[in-house]
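As the structure lists them, so they are numbered: ligands from 1, and atoms in each ligand from 1.
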Amino acid sequence: ELCVGCGICIKKCPFEALDIIQLPEELDTPVHRYGPNAFVLYGLPQPVAGKVTGVLGPNGIGKSTAVKILSGQVKPNLGIFEREVPWEEILKYYAGTELLDYLQQVAKKTIRASIKPQYIDFIPKVFKGKVGDLLKANDERKQLDHLIRELALDTILDKDLSTLSGGELQRVALTVALSKEADFYFLDEVTPFLDIYQRMIAAKLIRELAESHPVILVEHDIAILDMVAETVHIAYGKPAAFGIITRPKGVRIGVNQYLEGFVAEENVRIRDYPVVFETRGHESDVEREILMEIPAMTKTFPGFTLKVTGGEVRRGEVLGIVGANGIGKSTFAKLLAGVETPDDGKKFDTVTVSYKPQYVTATTTDTVEFLLRQATRRFDSSYYQHEILEPLGLMPLLQSEVNHLSGGELQRVAIALCLSRDADLYILDEPSAHLDVEQRLVTTKVIKRAAEDKGAGIMVIDHDMYTIDMISERLLVFDGVPGANGLATGPFEMKEGMNTFLGLLGITFRRDKTGRPRINKPGSYLDREQKAAGEYYYYN
Ligand code: ADP
Ligand code: ADP
Ligand code: MG
């Protein structure tokens with residue numbers, strides 16, 4: 001006998017994992033269940049013409065399933081799998097709801113969807129040839145010139161798809177999705193590997209498309225989601241077991257409920273702690289010893305020069321590193337790691353460095369456990385289990401072969417690997433990529449605790465401003481011209497660092513009533529006022 005709550009468990013209802021006070025109405029009937037003991041989805045996001053509708057929630061909660069239903073790839077079965085459920089029955093269930101019209105078109109098979117998938121690394125395997133050819137072949141809306149200009153793709157049109165960096169591939173994938181003529185656009189994470197400036201451009205292009213077409217956007221960079229979407233559906237539940245997609249909420253309210261961990265209308269607690277932002281530049285009150293001196297140095301490649309002004313790194317601190325793509329951040333990391341030699345020929349070798357690269361790929365068939373055991377002698381300790389394996393959600397993955405992991409799983413393994421090695425300095429390049437919001441929060445805690453426990457210095461390069469805000473004690477700021485020259489300054493205290501970095505970009509954040517930073521509309525009253533006052537981030 002299956003449980004009446006979730007319909008998937010026999011004895012212990014997984015709903016107990018959540019503090020559900022009142023069962024939401026939409027839980028009467030599931031939208032779809034894959035099989036007797038398989039994943040079950042409740043609720044669907046609502047595509048609305050003229051709007052960007054956001055979906056906010058963890059990986060594995062049914063977002064792709066929902067999209068397959070909305071695009072006609074999967075016919076919903078209302079949780080019934082013993083027989084084929086006819087469309088009349090499905091439509092009858094949706095009678096009187098906002099989704100009826102839309103699903104009627106799905107039933108008639110007249111919906112054409114354009115989809116930007118979450119993981120883009122398959123693209124060069126499926127499409128061979130040049131960027132320009134792929135883009136031209138998909139130019140149905142005749143917007144290609146505009147998209148190429150805005151996303152600065154002109155210099156890579158002649159490149160072979162197989163040679164692109166992650167950030168280039170992301171912009172190509174987005175361009176393809178936005179170029180197609182469709183009734184419904186679904187974009188599954190657009191920000192990984194893009195810098196904040198490119199994220200803002202992507203947001204602008206998505207809004208332009210949404211003026212005339214329904215767009216659904218799944219995004220874990222909340223500052224960007226908040227800026228681009230008008231409404232959001234919160235997705236919650238138990239990954240891989242069941243997912244519930246709420247009715248739409250205004251974006252500010254929806255994001256705040258999500259961060260608070262309490263979904264008010266549904267009366268559900270989805271997290272037992274709220275996410276709180278610092279409203280002042282947090283000056284650390286901890287006395288820290290100096291770990292190392294970053295020397296002043298330069299590194300010249302043909303066509304690119306990096307200049308580092310130098311500074312000190314303290315034991316136990318997390319230094320955030322911000323700056324555009326192509327401005328020398330990875331080169332800086334390689335100089336510190338002694339992988340690259342500065343122009344003066346003096347290789348940096350005073351500290352040992354453990355480095356997580358920005359693009360993590362895996363071809364090995366070794367298991368996760370095998371790899372981690374090679375990196376640390378403490379694998380079996382309860383410390384390792386409680387501080388690394390459990391919070392990063394690696395316990396269920398230990399026996400998986402590394403080459404079979406999804407992008408988000410691989411990211412968490414790479415973070416664990418980096419932190420497992422013995423070193424004085426840890427450098428993590430874009431740890432937020434492909435992690436959902438929950439995982440970003442947990443990873444932030446894991447990294448901060450590792451810095452304290454090891455008495456090491458940790459540098460985190462990232463473009464998600466909420467992650468940078470939460471993880472950093474001080475900031476290193478990269479200025480310059482991407483692909484031509486870079487200047488690394490700092491470390492600064494947070495307030496000065498954020499003002500310096502956002503000042504370069506011309507982006508200001510205001511605070512809402514809960515203290516959450518929100519990106520100001522360029523040219524708005526607050527944007528102008530804050531720029532005049534030189535207050536880009538910590539402002540209320
Ligand atoms: P998300 O997009 O939120 O990450 P998905 O919709 O891809 O989540 O998947 C939700 C759950 O449904 C996952 O546990 C996944 O393994 C499961 N699932 C997806 N497709 C199928 C299928 N065809 N048969 C059985 N289970 C599936
Ligand atoms: P970021 O990490 O900030 O995106 P990188 O440090 O990777 O930037 O690259 C900065 C610039 O240096 C880019 O223009 C890149 O092409 C160039 N560059 C990086 N490594 C090399 C190298 N080994 N040889 C030549 N040019 C390089
Ligand atoms: Mg880099």
Side-chain angles (χ1 to χ4, degrees), residues 8 30-45 55-70 73-75 77 81 115 117-119 155-156 163 165-168 186 188-189 193-198 216 218 220 233-245 298-308 321-337 339-341 355 357-359 396 406-409 427 429-430 434-439 459 461-463 476-488:
I8 49 173
V31 176
H32 190 69
R33 184 179 297 164
Y34 280 115
N37 284 305
F39 180 82
V40 56
L41 175 70
Y42 296 89
L44 282 175
V55 182
L56 185 51
N59 290 326
I61 212 80
K63 300 181 299 289
S64 303
T65 302
V67 168
K68 282 180 193 148
I69 293 169
L70 294 177
Q73 293 172 53
V74 166
K75 185 179 170 194
N77 61 16
F81 41 86
I115 295 175
Q118 181 177 22
Y119 300 119
T155 55
I156 63 163
T163 64
S165 73
E168 290 169 337
F186 173 68
D188 197 349
E189 270 206 283
F193 312 130
L194 300 189
D195 64 35
I196 182 165
Y197 179 74
Q198 295 165 332
I216 289 187
V218 172
H220 305 300
H233 297 264
I234 295 176
Y236 64 96
K238 192 168 183 242
F242 69 98
I244 301 164
I245 295 177
T298 58
K299 176 71 193 174
T300 308
F301 292 122
F304 184 82
T305 305
L306 170 68
K307 187 162 181 279
V308 180
I321 299 186
V322 287
N325 278 335
I327 206 143
K329 301 181 302 298
S330 301
T331 303
F332 173 70
K334 285 175 195 156
L335 288 170
L336 293 183
V339 176
E340 292 281 4
T341 313
Y355 178 55
Q358 183 175 24
Y359 306 117
S406 74
E409 292 168 342
I427 306 176
D429 198 343
E430 204 172 343
H434 293 317
L435 298 189
D436 63 43
V437 174
E438 232 59 55
Q439 291 164 342
M459 296 183 177
I461 302 168
D462 216 289
H463 303 291
L476 272 164
V477 179
F478 279 67
D479 182 11
V481 180
N485 59 73
L487 174 67

Identify the protein heavy atom lying closest to atom 7 (O) of ligand 1, giving its residue, its atom name and the separation to 0.1 Å.
Ser64 CB, 3.4 Å
Is there at least one pair of N or O atoms, one from Ile61 and one from ligand 1, spaced under 3.5 Å apart?
yes
Any atoms of ligand 2 less than 4.0 Å from a non-hydrogen atom of Ala324? List them with their elements.
3 (O)
Give me the atom names and distance for the closest heavy-atom approach of Gly408 to Leu435.
O-CD2, 3.6 Å
Flag Asp429 as yes when one of its N or O atoms lies below 3.5 Å from any N or O atom of ligand 2, and as no otherwise.
no
Between Gly62 and ligand 1, is there a nitrogen or oxygen pair with a distance under 3.5 Å?
yes
I'd like to check which ligand 2 atoms, numbered from 1 as shown, lie under 4.0 Å from a non-hydrogen atom of Thr331.
5 (P), 6 (O), 9 (O), 19 (C)
Mark yes when over 12 heavy atoms from residues, nucleotides or ligands other than Lys299 sit less than 6.0 Å from its NZ; otherwise mark no.
yes
Any atoms of ligand 1 less than 4.0 Å from a non-hydrogen atom of Thr65? List them with their elements.
5 (P), 6 (O), 9 (O)
Check: Phe193 ring centre within less than 6.0 Å of His434 ring centre:
yes
Judged on heavy-atom distance to atom 19 (C) of ligand 2, which of Phe301, Phe193, Phe304, Phe478 sits nearest?
Phe301
Using the benzene-type ring in the case of Trp, are the ring centres of Tyr34 and Phe81 under 6.0 Å apart?
no
Please check atom 16 (O) of ligand 1 for a protein heavy-atom neighbour under 4.0 Å.
no
Where is the nearest protein heavy atom to atom 14 (O) of ligand 1: which residue, which atom, and how far?
Ala240 CA, 3.0 Å
Heavy atom of Gly323, distance to ligand 2 below 4.0 Å:
no
Do Asn59 and ligand 1 have an N or O pair less than 3.5 Å apart?
no
Does a side-chain heavy-atom distance below 4.5 Å link Asn59 with Glu438?
no
Against heavy atoms of Asn325, which atoms of ligand 2 measure under 4.0 Å?
4 (O)
Pairwise side-chain contact, Gln358 with Asn325, heavy-atom cut-off 4.5 Å (strictly under):
yes
If you look at every heavy atom in Val31 and Tyr42, which pair is closest and at what distance?
CG2-C, 4.0 Å
At the 4.0 Å heavy-atom cut-off, does Gly60 count as touching ligand 1?
yes
Residue Lys63 vicinity, atoms of ligand 1 by number, heavy atom under 4.0 Å:
1 (P), 2 (O), 3 (O), 4 (O), 6 (O), 8 (O)
Gly323 backbone acceptor or donor facing Lys329 side chain under 3.5 Å
yes
Which atoms from ligand 2 have a heavy atom of Ser330 less than 4.0 Å away?
1 (P), 2 (O), 6 (O), 7 (O)
Can you confirm, on distance only, whether ligand 2 has an N/O atom lying under 3.5 Å from any N/O atom belonging to Gly326?
yes
With heavy-atom distances below 4.5 Å as the criterion, would you say the side chains of Ile327 and Leu306 are in contact?
no
Can a donor-acceptor pair be found between the side chains of Asp195 and His463 at a distance below 3.5 Å?
no
Measure the shortest side-chain to side-chain distance between Leu476 and Val322 over non-hydrogen atoms and say whether it is less than 4.5 angstrom.
no
Could you tell me which atoms of ligand 2, counted from 1 in the order shown, lie closer than 4.0 angstrom to a heavy atom of Ile327?
1 (P), 3 (O), 8 (O)
Do me a favour and list the nearest non-hydrogen protein atom to atom 26 (N) of ligand 1 with residue, atom name and distance?
Tyr34 CD1, 3.4 Å
Any idea which atoms of ligand 2 are less than 4.0 Å away from a heavy-atom of Lys329?
1 (P), 2 (O), 3 (O), 4 (O), 6 (O), 8 (O)
Spell out, as yes or no, whether a donor-acceptor pair under 3.5 Å connects the side chain of His233 to the backbone of Val55.
no
Could you tell me whether ligand 2 has any atom less than 4.0 Å away from a heavy atom of Gly167?
no
Using modelled atom types and a 3.5 Å cut-off, is there a donor and acceptor pairing between side-chain atoms of Lys63 and backbone atoms of Pro58?
yes
